[in-house]
Colleague: 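First the structure, which I've put down as structure tokens, then a few questions once you've had a look.
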Amino acid sequence: ATEALKAEVAELRRELRSERARGAEAERLGSVVSELQAEVRSLREKAASEAEARLRTAKELKPLAAEVASLRRWRSEVVAPSLSAFDASREAAATAATAA
């Protein structure tokens with residue numbers, strides 16, 4: 001009877017050690033899961049912040065793009081013809097100087 005009780009106590013001790021080991025592993029895994037959840041939250045917040053910054057930048061650039069387009073139209077409508085006329089008169093003056 002004593003041997004049977006000793007064997008049963010030994011079996012219970014093994015089970016207890018096994019349960020403690022599983023409990024420690026569960027705690028460790030729980031800690032890892034918590035860390036990963038915190039990292040995911042951080043990455044989501046960072047992505048949202050970056051998206052907001054890109055949106056602000058796009059909103060700020062829109063008026064500048066319109067101004068650039070306006071200046072390009074002005075250059076093509078006003079400056080380019082003036083330069084062409086200037087070049088033509090300069091060429092005519094050079095031709096006249098060469099002929100003289």
Side-chain angles (χ1 to χ4, degrees):
T2 305
E3 292 302 318
L5 285 175
K6 284 182 182 179
E8 188 174 342
V9 167
E11 177 62 28
L12 289 172
R13 284 182 178 156
R14 279 191 295 277
E15 286 179 20
L16 180 59
R17 280 192 298 273
S18 176
E19 287 297 319
R20 284 181 181 160
R22 279 196 289 269
E25 181 67 10
E27 282 184 38
R28 188 184 71 74
L29 290 175
S31 175
V32 168
V33 166
S34 294
E35 288 176 22
L36 289 173
Q37 288 172 335
E39 189 172 341
V40 165
R41 275 192 304 275
S42 174
L43 289 172
R44 283 182 178 157
E45 290 169 1
K46 183 178 178 183
S49 175
E50 288 174 357
E52 288 174 7
R54 283 193 302 273
L55 183 59
R56 276 193 309 275
T57 300
K59 286 180 180 178
E60 291 168 358
L61 289 178
K62 193 172 184 178
L64 292 175
E67 186 175 347
V68 167
S70 173
L71 290 171
R72 285 182 177 157
R73 278 191 304 277
W74 175 79
R75 181 181 66 192
S76 68
E77 294 169 2
V78 175
V79 175
S82 297
L83 287 176
S84 294
F86 175 75
D87 287 342
S89 66
R90 190 176 62 187
E91 190 175 311
T95 304
T98 306

Colleague: Is atom CD of Glu11 surrounded by more than 12 heavy atoms (other residues, nucleotides or ligands) closer than 6.0 Å?
Modeller: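 Count over threshold, so yes.
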Colleague: With the side chain counted from C-beta on, respond yes when Lys59 and Arg56 share a heavy-atom pair under 4.5 Å apart, and no when they do not.
Modeller: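 No, too far: nothing below the 4.5 Å cut-off.
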Colleague: If only atom types and distance count, is the side chain of Ser49 paired as donor or acceptor with the main-chain N or O of Glu45 below 3.5 Å?
Modeller: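 Absent.
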Colleague: May I ask you to decide if Ala53's main-chain N or O and Thr57's side chain share a donor-acceptor pair within less than 3.5 Å?
Modeller: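 Confirmed, Thr57 side chain pairs with Ala53 backbone.
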Colleague: Decide yes or no for Glu15 and Leu12: does some side-chain heavy atom of the first lie under 4.5 Å from some side-chain heavy atom of the second?
Modeller: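 Yes, their side chains come closer than 4.5 Å.
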Colleague: With a 3.5 Å cut-off and sequence neighbours excluded, list the donor-acceptor pairs that the side chains of residues 17-28 form with protein atoms.
Modeller:
unit_1	atom_1	unit_2	atom_2	d
Ser18	OG	Arg22	NH1	3.0
Glu19	OE2	Arg22	NH2	2.1
Glu25	OE1	Arg28	NE	3.4
Glu25	OE2	Arg28	NH2	2.9

